[in-house]
Amino acid sequence: MRAVLLVLSLLLAGSSRCRSDDEEQHLEHDIEPLDRGPVFDILASHNVTALVGTTASLSCRVLNLADRTVSWVRHKDIHLLTVGTATYTADARFVAVHYPQTQTWTLQVKSAQRRDSGTYECQVSTTPPIGHSMHLSVVEPVTEILGDADMYINRGSTMNLTCVVLHSPEPPPAIIWTHDQQEINYDSPRGGVSVITEKGEQTTSYLLIQRAQPADSGKYTCHPSNANTKTVTVHVLNGEHPAAMQHGGQLRLSNPPFVVILATFLAFRH
């Protein structure tokens with residue numbers, strides 16, 4: 001009898017131990033993971049380049065924000081710009097934007113100016129606060145026509161006007177050329193007039209006019225859609241050098257080799 005009771009005691013103890021192990025494992029699954037705290041999504045929070053006069057947007061994506069607050073600080077004067085969606089600066093151009101159920105907090109700089117360029121920090125109200133810095137570059141595109149303000153070429157040669165747009169974060173959607181304030185018609189009966197535009201970090205537009213004639217003289221203006229205009233005055237000569245160019249000056253002929261080859265190719269196409 002004593003042996004039977006001992007066996008029953010051992011069985012009950014084993015069962016109790018198994019239940020305890022099962023309950024312990026179940027409790028481990030019910031425990032919430034530790035709060036690792038806010039983390040910046042670096043790939044979504046990067047430097048920005050914007051055009052003068054447009055709205056520049058700096059985006060800060062924060063994971064595991066919980067009940068913390070996001071603020072924006074301008075580094076150059078350690079100025080608190082926004083807390084949450086409230087603006088803490090007299091400059092109403094600075095606005096914080098956040099849509100519910102999203103993890104992105106955006107600082108908008110409306111009508112951005114070159115003076116707004118600099119470093120901005122997205123801060124989270126942890127203890128101590130943590131932050132992620134981004135750089136804003138506000139640029140103003142610059143248009144240049146290569147060469148002097150007055151260009152002299154010989155009659156019958158190929159005129160090449162080269163317009164370059166610099167410091168633009170994106171290529172201009174369009175570049176229009178005008179001759180004496182009239183938009184150039186590339187399908188005019190005159191023929192031999194064409195334009196080639198290469199877009200990229202630096203956009204270049206080549207206006208090519210074959211067999212230049214005195215009637216082609218005048219003011220040529222390059223009009224990028226997102227930058228200032230630039231004008232050059234062209235003088236088509238009948239073989240003579242102008243007096244102003246004879247004394248120590250150098251006659252500028254717009255005929256670099258690659259343009260001559262290009263013009264010849266275009267001539268065959270026509």
Side-chain angles (χ1 to χ4, degrees), residues 23-143 165-173 199-203 224-228:
E23 291 173 357
E24 186 176 337
Q25 291 177 4
H26 182 69
L27 288 173
E28 286 178 355
H29 287 293
D30 288 343
I31 294 175
E32 292 294 331
L34 294 175
D35 182 5
R36 298 181 180 178
V39 178
F40 294 102
D41 183 351
I42 305 301
L43 295 180
S45 310
H46 47 72
N47 298 335
V48 171
T49 300
L51 287 172
V52 167
T54 64
T55 296
S57 297
L58 292 168
S59 294
C60 179
R61 188 164 184 261
V62 186
L63 310 178
N64 306 325
L65 182 62
D67 59 350
R68 285 93 168 183
T69 304
V70 175
S71 303
W72 284 94
V73 176
R74 184 171 55 205
H75 268 212
K76 66 180 179 182
D77 53 1
I78 318 299
H79 189 81
L80 179 64
L81 300 173
T82 65
V83 177
T85 56
T87 300
Y88 277 72
T89 175
D91 191 339
R93 297 180 305 119
F94 291 89
V95 178
V97 177
H98 173 69
Y99 296 103
Q101 311 304 320
T102 67
Q103 299 170 308
T104 301
W105 297 77
T106 301
L107 176 68
Q108 291 185 345
V109 186
K110 299 182 178 181
S111 188
Q113 303 300 312
R114 296 185 67 177
R115 68 176 183 273
D116 296 321
S117 296
T119 300
Y120 293 79
E121 184 172 319
C122 172
Q123 287 189 353
V124 176
S125 61
T126 53
T127 305
I130 59 173
H132 175 64
S133 297
M134 286 161 271
H135 191 81
L136 171 64
S137 298
V138 182
V139 298
E140 188 168 10
V142 177
T143 306
V165 182
L166 305 169
H167 311 312
S168 177
E170 57 185 25
K199 294 185 177 182
E201 292 184 4
Q202 171 181 301
T203 296
S225 55
N226 66 346
N228 62 298

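Predicted model only: the values in this text are computed from it and were never measured. Only heavy atoms go into these numbers, but all of them, side chains included; no hydrogens, no water, no symmetry mates.
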Requested in this report: Name the orientation class of the two ring planes belonging to Phe94 and Tyr120 (parallel below 30°, tilted from 30 to 60°, perpendicular beyond 60°).
Outcome: tilted
**Report entry** Heavy atoms of other groups near Lys110 NZ, more than 12 under 6.0 Å
**Finding:** no
**Report entry** CG on Asn47 to CE on Met134, rounded to 0.5 Å
**Finding:** 8.5 Å
Query raised in the report: To the nearest 0.5 Å, how far apart are CD in Gln202 and NE2 in His167?
Result: 9.0 Å
**Report entry** Test item: Thr89 side-chain N/O and Leu81 main-chain N/O as donor-acceptor pair under 3.5 Å
**Finding:** no
Query raised in the report: How close do Val138 and Ser117 get, heavy atom to heavy atom, and via which atoms?
Result: N-OG, 2.8 Å
Query raised in the report: What distance separates Gln108 CD from Arg93 CZ, expressed to the nearest 0.5 Å?
Result: 12.5 Å
Query - Closest heavy-atom pair and its distance - Ser125, Thr69 - result: OG-N, 2.8 Å
Requested in this report: List the atom of Thr143, the atom of Asn228, and the distance in Å for their closest heavy-atom pair.
Outcome: OG1-O, 2.6 Å
Query raised in the report: Can you tell me if OH on Tyr88 sees more than 12 non-hydrogen neighbours from other groups inside 6.0 Å?
Result: no
Report summary line: All heavy atoms of Ala96 vs all of Gly84, minimum pair found to be CB-O, 3.3 Å
Query raised in the report: Are the side chain of Lys199 and the backbone of Pro172 linked by a donor-acceptor contact shorter than 3.5 Å?
Result: yes
Requested in this report: Report the distance from atom CZ of Phe40 to atom CG of Leu63, rounding to the nearest 0.5 Å.
Outcome: 10.0 Å
Query raised in the report: How many angstroms lie between atom OG of Ser71 and atom CG of Leu107, to the nearest 0.5 angstrom?
Result: 11.0 Å
Query raised in the report: Taking only residues two or more places apart in sequence or in another chain, which ones pass salt bridge (charged side-chain N to carboxylate O under 4.0 Å, His left out) with Asp77?
Result: Arg74
Requested in this report: Work out which heavy atom in Glu121 is nearest to a heavy atom in Ser133; give both atom names and the distance.
Outcome: OE1-OG, 3.5 Å
**Report entry** Heavy-atom donor-acceptor pair, His98 side chain to Thr104 backbone, under 3.5 Å
**Finding:** yes
Query raised in the report: Within the side chain of Asn64, is there an N or O that forms a donor-acceptor pair under 3.5 Å with the backbone of Val39?
Result: no
Report task. Enumerate the residue pairs fulfilling disulfide bond (SG atoms under 2.5 Å apart) with a member in residues 36-109, sequence neighbours excluded, ordered by first and then second residue. Result -> Cys60-Cys122
**Report entry** Any side-chain heavy-atom pair of Ser57 and Val48 under 4.5 Å
**Finding:** no
Requested in this report: Any chance you could measure Thr127, atom OG1, to Arg68, atom CZ, to the nearest 0.5 Å?
Outcome: 8.5 Å
Query raised in the report: Quick one: are Pro38 and Ile130 in side-chain contact, heavy atoms under 4.5 Å?
Result: yes
Report task. Please lay out, stage by stage, how Trp105 and Thr82 fare under the test side chain to side chain contact (heavy atoms under 4.5 Å, CB included). Result -> CA-CA 11 Å; Trp105 297 77; Thr82 65; over 6 Å; no
Query - Test side chain to side chain contact (heavy atoms under 4.5 Å, CB included) applied to Ser168 and Asn226, step by step - result: CA-CA 8 Å; Ser168 177; Asn226 66 346; 3.1 Å; yes
Query raised in the report: Looking at residues at least two apart in the chain, or sitting in another chain, which of them share a side-chain hydrogen bond (donor to acceptor under 3.5 Å, both in side chains) with Arg61?
Result: Asp41, Gln103
Report summary line: Correct closest heavy-atom pair for Asp116 and Ser111 would be OD2-O, 4.5 Å
Requested in this report: Decide yes or no on side chain to side chain contact (heavy atoms under 4.5 Å, CB included) for Gln113 and Val52, but give the supporting numbers first.
Outcome: CA-CA 5 Å; Gln113 303 300 312; Val52 167; 4.0 Å; yes
